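Comments concern the structure below.
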Amino acid sequence: MRQLKILTLVISLFLFLSFIITAQDLPTSETITRQSADDIALVADFYAAPEGAPVIVALHMLNSARAAYAPIIPDLQGAGYALLNVDMRGHGQSGGSRDWEAAIADVADWISWLDGEGHLGDGGLAIMGASIGANVAIISCADSAVCVGAIGLSPGLDYRGVTPEAALVDGLADRSALLVAAVADSSSATAIRQMFHNAKGDVTARMYRGRAHGTRLFDSDYDSLSGLITFWLKEQFQSDES
């Protein structure tokens with residue numbers, strides 16, 4: 001009986017220490033709520049980094065929310081980036097209806113907020129999006145002078161009227177983009193091939209097996225995709241500094 005009590009105590013202590021270590025490893029964030037130009041409450045989580053660190057703005061898929069990026073947040077933080085993880089209007093905790101032209105304007109407003117709060121260092125930022133969020137990310141990056149490049153997870157040529165090809169070809173002609181899709185996700189795979197063929201700037205394209213779409217690529221190819229994204233970001237911000 002004494003041995004059983006000791007074993008139980010050891011197991012309990014181990015679980016307690018494991019909980020403490022895990023809690024310490026989880027990134028901490030500040031939830032930001034602000035009003036859009038048309039008085040819609042918009043919500044995002046901001047994960048801070050050392051002063052002057054580049055910022056990654058993350059945009060989720062249709063019918064999703066900012067929690068979809070939870071798998072990659074520790075890796076982005078570990079690589080030294082700040083992160084603004086956004087609920088687009090009409091999704092998650094953000095109010096309003098789904099208006100994609102307004103959503104693009106919201107991204108510009110979030111970038112202004114980052115600048116006004118002193119979160120934008122000399123390195124600027126990159127915008128990452130998934131599915132229709134990828135289209136919004138590409139257009140928003142092309143529209144922003146401080147955006148060094150866009151990451152598109154399963155972009156399309158036309159999602160609900162959001163068409164990013166011109167922004168990629170012309171707007172990012174002197175900047176960079178990383179485009180990712182699954183081969184059997186036919187609309188995104190076709191879009192990436194066409195945009196890559198027509199691009200004028202520095203565009204990296206990666207096709208994975210299967211049919212996973214948008215942030216669901218983290219479920220099927222997490223290690224490879226996370227490594228690809230962090231490597232690509234490092235390359236962009238290093239070249240920007242030089």
Side-chain angles (χ1 to χ4, degrees), residues 56-64 68-69 72 86 88 91 98-108 124-222 224-236 239-240:
I56 313 303
V57 178
L59 308 173
H60 55 76
M61 300 193 289
L62 177 70
N63 297 326
S64 184
Y69 282 105
I72 197 172
V86 175
M88 292 190 288
H91 294 80
R98 297 169 186 190
D99 180 331
W100 301 107
E101 185 176 343
I104 293 169
D106 292 340
V107 177
L125 59 83
I127 306 177
M128 173 170 60
S131 192
I132 196 167
N135 290 20
V136 173
I138 292 167
I139 294 169
S140 297
C141 186
D143 288 345
S144 173
V146 297
C147 183
V148 303
I151 300 170
L153 307 178
S154 308
L157 293 173
D158 187 341
Y159 288 149
R160 298 175 182 260
V162 184
T163 55
E165 185 174 9
L168 179 94
V169 173
D170 296 316
L172 296 181
D174 59 349
R175 286 176 278 173
S176 302
L178 170 63
L179 306 178
V180 181
V183 173
D185 182 6
S186 58
S187 62
S188 293
T190 298
I192 283 181
R193 291 187 183 101
Q194 180 171 317
M195 288 191 284
F196 182 81
H197 176 76
N198 294 328
K200 300 173 185 176
D202 179 4
V203 176
T204 300
R206 173 66 190 268
M207 307 289 278
Y208 285 99
R209 290 188 293 272
R211 60 180 67 253
H213 185 76
T215 49
R216 295 190 184 97
L217 286 161
F218 291 130
D219 299 331
S220 59
D221 295 283
Y222 178 76
S224 176
L225 181 56
S226 176
L228 173 65
I229 289 171
T230 53
F231 179 82
W232 183 86
L233 287 169
K234 180 179 179 181
E235 190 174 60
Q236 305 319 307
S239 62
D240 187 64

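The model shown is predicted, which means the values in this text are computed figures rather than measured ones.
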*For the residue pair Y69 and T215, confirm or rule out a side-chain donor-acceptor distance under 3.5 Å.*
no

*Roughly how far, to the nearest 0.5 Å, is the CG atom of L217 from the OG atom of S224?*
10.0 Å

*Flag side-chain contact, heavy atom, 4.5 Å: N135 against T163*: no

*Any sub-3.5 Å donor-acceptor pair from S226's side-chain atoms to Y222's backbone N or O?*
no

*Look only at the side chain of S144 and the backbone of S140, and say whether a donor-acceptor pair between them is shorter than 3.5 Å.*
no

*Verify side-chain contact (heavy atoms from CB on, under 4.5 Å) between K234 and W232, making sure each step is shown before the conclusion.*
CA-CA 5 Å; K234 180 179 179 181; W232 183 86; over 6 Å; no

*asked:* To check you understand the geometry: which heavy-atom pair defines the closest contact between L59 and V136, and what is its length?
replied: CD1-CG1, 3.8 Å

*Return the minimal non-hydrogen interatomic distance between V183 and A189, and the atom names on each side.*
O-CB, 3.7 Å

*Which value, rounded to the nearest 0.5 Å, describes the distance between R211 atom CZ and R216 atom CZ?*
13.0 Å

*Taking atom CZ of R98 as the centre, does the number of heavy atoms from other residues, nucleotides or ligands within less than 6.0 Å exceed 12?*
yes

*Electrostatic pair R175-D202, nearest N-O below 4.0 angstrom*: no

*asked:* With side-chain contact (heavy atoms from CB on, under 4.5 Å) as the criterion, how do E101 and V162 come out once you've worked through the C-alpha distance, each side chain's angles and the decisive distance to 0.1 Å?
replied: CA-CA 8 Å; E101 185 176 343; V162 184; over 6 Å; no

*Do I56 and L125 have side chains that get closer than 4.5 Å, going by heavy atoms?*
no

_Could you walk me through whether F218 and L225 satisfy the side-chain contact (heavy atoms from CB on, under 4.5 Å) test, starting with their C-alpha distance in whole Å, then the side-chain angles of each, then the deciding distance to 0.1 Å, before giving a yes or no?_
CA-CA 7 Å; F218 291 130; L225 181 56; 3.6 Å; yes

*Nearest 0.5 Å, what's the CG-CD distance between L178 and E235?*
10.0 Å

*asked:* If I take atom CD1 from residue I72 and atom CD1 from residue I229, how far apart are they, to the nearest 0.5 angstrom?
replied: 3.5 Å

_Distance-only polar pair, side chains of Y159 and S188, donor-acceptor under 3.5 Å_ = yes

_Gap between atom CE of M128 and atom NE2 of H60 - 0.5 Å precision_ = 12.5 Å

*asked:* Any donor-acceptor pair under 3.5 Å linking the side-chain atoms of R193 with those of N198?
replied: no

*Check whether any side-chain heavy atom of R206 lies under 4.5 Å from a side-chain heavy atom of L179, and answer yes or no.*
no

*Answer yes if the side chains of S131 and H213 hold a donor-acceptor pair under 3.5 Å, and no otherwise.*
yes

_Heavy-atom pair of closest approach, residues G214 and S154_ = N-OG, 2.7 Å

*When rounded to the nearest 0.5 angstrom, what is the spacing between CG in L172 and SG in C147?*
7.0 Å

_Contact between M195 and V203 at the side-chain level, heavy atoms closer than 4.5 Å - yes or no?_
no

*A191 and P155: which non-hydrogen atoms are nearest, and at how many Å?*
CB-O, 3.8 Å

*Could you walk me through whether K200 and D170 pass the side-chain contact (heavy atoms from CB on, under 4.5 Å) test, one step at a time?*
CA-CA 7 Å; K200 300 173 185 176; D170 296 316; 2.6 Å; yes

